[in-house]
Structure formats: C-alpha cells, structure tokens
Amino acid sequence: MTTTAGDIATLAPARRRRVFWGDARFFIGIALILASVAGVWWVVSAARQTVPVLAAGATIVPGQAVSAGDLAVVEVTLGGAETAYLAPHELSEGYVATRTIRAGELVPASAVASAAEAAVTTVVVRSAVDVPRAVDAGTPVELWEAPLVEPGVFDEPRILVADATVAAVLREDAMMGAGATSIELVIDEASVADVLAAVASGGALSAVPQAGEGS
C-alpha cells in the first residue's frame with residue numbers, strides 16, 4: 001500500500017503555532033522591566049525627599065552652649081545621611097559644641113555633647129603681638145609663651161597650648177597703639193593650670209594662627 005504525502009500530513013499531528021504570551025520568558029522579561037522602572041522611580045523619589053536638620057546661625061566655638069537661638073532649621077536632601085546631622089527634635093538642654101561649627105554649616109551630630117564630655121573652658125590672655133585681622137571666632141591657634149627670666153628679659157618662646165580655638169578677639173583702640181590684643185581662647189581644662197601659671201609669672205604670651213589659618 002502506497003502512502004502519499006497527503007496521508008502523512010493527515011496522520012501527523014498538526015503543530016500548534018506558539019503564542020508569545022504563553023512563553024515564560026515573556027513574563028520574566030516584563031517582570032524585569034517593571035522592576036527596573038520601579039528602581040529608577042525609587043531612586044528619583046528618594047533624591048527629591050528633604051529632611052529638617054539644624055544649621056548654625058553664627059559661628060559656634062568649642063565649649064559654647066548650643067541652643068535653639070543659635071540655630072536655624074533647614075530642609076535639605078541628604079540621600080540617607082540624615083542621621084549624621086542634628087535634627088530639631090534631637091537638640092537637648094546642656095549641649096555644647098565639641099568643635100568649631102561655622103555659620104551656615106549643618107550641625108554634625110558628632111559636633112555636640114554634654115558639657116561634661118566636652119571638658120573645655122575659656123581663658124582670656126593678652127597677646128604680646130597683635131593678632132591678624134583675619135583671626136576671629138572659631139580660628140584655631142597655638143598659644144606660645146616666652147618665659148620671663150628677669151625684668152625685660154625673656155627666654156626662648158615655646159608652645160604652651162598647641163590646639164586652642166579663638167572664642168573672641170577683644171581689640172580696642174587703646175590697645176592697637178601698643179601692638180597688643182586681648183584674646184579669649186577655648187582650651188582643654190587640662191591646660192588651664194599651665195596658662196594661669198604663665199600669666200602669673202609675667203611670661204609673654206602670643207596667639208599664633210595654626211598653619212593655613214588667618215593668612
């Protein structure tokens with residue numbers, strides 16, 4: 001018996017044409033596209049979100065009490081870094097600055113602490129040399145001492161306090177002619193005794209801006 005081509009076509013099961021929506025790869029591709037779009041939307045949305053944090057209204061020096069009156073609330077985009085800065089609800093009574101916070105700077109959470117933790121205080125000294133005009137509140141300086149040997153004779157200068165911060169410069173017309181300026185310094189409590197001893201002994205004290213400062 002002879003089988004014709006037509007008979008083969010009749011006996012062979014007809015192949016169904018595959019539809020694209022019945023292919024699992026189609027749905028996987030759609031899922032990947034949707035996930036990508038959602039990821040981009042989340043990134044853009046997060047970048048547009050702002051959070052309230054505190055910024056210094058004026059320069060705050062180490063040891064200075066930090067109160068709401070010294071600060072301003074600003075809305076900024078921090079991209080997930082908001083915990084690094086002080087939020088309005090985190091400001092507590094008794095906080096002081098542990099480092100200089102410049103006017104307009106966002107207040108880092110690490111830049112404030114309780115007064116006991118800060119362990120700094122202020123002293124006022126007369127600088128034997130005039131202080132540059134560029135030196136103002138917040139400027140880091142070194143306090144040098146030339147010990148008094150005898151009236152009018154001083155020993156070689158040495159660094160008395162290597163890391164002090166200017167709280168205020170007290171310039172008066174009467175002092176300008178004498179080439180001397182009173183300066184309020186923030187220093188570690190551990191250095192207070194040495195500074196007071198230098199003042200009492202009549203040593204010549206000079207506040208010198210640290211390298212790169214006050215030039």
Side-chain angles (χ1 to χ4, degrees), residues 42-127 131-143 159-171 181-199 205 207-214:
W42 183 86
V43 171
V44 173
S45 177
R48 291 178 177 176
Q49 290 180 348
T50 61
V51 293
V53 295
L54 296 171
T59 297
I60 301 173
V61 298
Q64 179 180 334
V66 179
S67 64
D70 303 314
L71 308 170
V73 179
V74 295
E75 293 281 341
V76 294
T77 301
L78 295 174
E82 57 268 17
T83 56
Y85 297 94
L86 195 66
H89 68 274
E90 295 175 324
L91 182 62
S92 300
E93 292 291 333
Y95 268 178
V96 299
T98 57
R99 70 161 178 82
T100 299
I101 307 171
R102 292 291 182 181
E105 180 184 353
L106 300 183
V107 180
S110 60
V112 295
S114 67
E117 292 175 307
V120 295
T121 190
T122 58
V123 294
V124 177
V125 300
R126 171 71 70 87
S127 180
V131 179
R133 285 285 180 181
V135 174
D136 58 5
T139 302
V141 297
E142 298 170 342
L143 183 62
I159 294 179
L160 184 62
V161 179
D163 188 12
T165 303
V166 176
V169 179
L170 311 175
R171 293 185 175 96
T181 303
S182 290
I183 185 168
E184 183 178 354
L185 296 175
V186 180
I187 61 175
D188 289 335
E189 291 180 346
S191 300
V192 173
D194 291 338
V195 174
L196 295 181
V199 172
L205 301 177
V208 180
Q210 293 181 1
E213 300 287 342

Do the side chains of [Y] and [X] get nearer than 4.5 Å, heavy atoms only?
{"X": "P62", "Y": "T98", "answer": "no"}
{"X": "V74", "Y": "V53", "answer": "yes"}
{"X": "L54", "Y": "V73", "answer": "yes"}
{"X": "L71", "Y": "I60", "answer": "yes"}

Derivation of the side-chain contact (heavy atoms from CB on, under 4.5 Å) call for V166 and L185: CA-CA 5 Å; V166 176; L185 296 175; 4.1 Å; yes
Would D188 and V120 satisfy side-chain contact (heavy atoms from CB on, under 4.5 Å), going step by step from the backbone distance to the final call? CA-CA 4 Å; D188 289 335; V120 295; 3.7 Å; yes
Spacing of [atom1] belonging to [X] relative to [atom2] belonging to [Y], to within rounding of 0.5 Å:
{"X": "E90", "Y": "T83", "atom1": "CD", "atom2": "OG1", "value": "8.5 Å"}
{"X": "L143", "Y": "D163", "atom1": "CG", "atom2": "CG", "value": "11.5 Å"}
{"X": "S92", "Y": "L86", "atom1": "OG", "atom2": "CG", "value": "8.0 Å"}
{"X": "T122", "Y": "I183", "atom1": "OG1", "atom2": "CD1", "value": "12.0 Å"}
{"X": "R133", "Y": "T181", "atom1": "CZ", "atom2": "OG1", "value": "8.0 Å"}

For the student: nearest non-hydrogen atoms of [X] and [Y], plus distance:
{"X": "D136", "Y": "R102", "answer": "OD1-NH1, 4.0 Å"}
{"X": "V66", "Y": "A97", "answer": "CG2-N, 3.6 Å"}
{"X": "A55", "Y": "G104", "answer": "CB-O, 4.2 Å"}
{"X": "P132", "Y": "P209", "answer": "CG-CG, 4.2 Å"}
{"X": "I101", "Y": "A111", "answer": "CD1-CB, 4.0 Å"}
{"X": "A167", "Y": "A137", "answer": "O-CB, 3.5 Å"}

Pairwise salt bridge (charged side-chain N to carboxylate O under 4.0 Å, His left out) hits with a residue in residues 115-124, at least two apart: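 Sorted result for residues 115-124: empty, none.
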Tell me if the CD atom of E93 is crowded by more than 12 foreign heavy atoms within 6.0 Å.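 No, because the 6.0 Å sphere around CD of E93 holds 12 heavy atoms or fewer from other groups.
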Candidate list V123, L205, D194, test side-chain contact (heavy atoms from CB on, under 4.5 Å), partner V199, passing option: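 Of V123, L205, D194, side-chain contact (heavy atoms from CB on, under 4.5 Å) with V199 is met by L205 alone.
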Residues two or more places apart in sequence or in another chain: which of them pass side chain to side chain donor-acceptor pair (under 3.5 Å) with E142?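 For E142 the side chain to side chain donor-acceptor pair (under 3.5 Å) partners, ignoring immediate neighbours, are W144.
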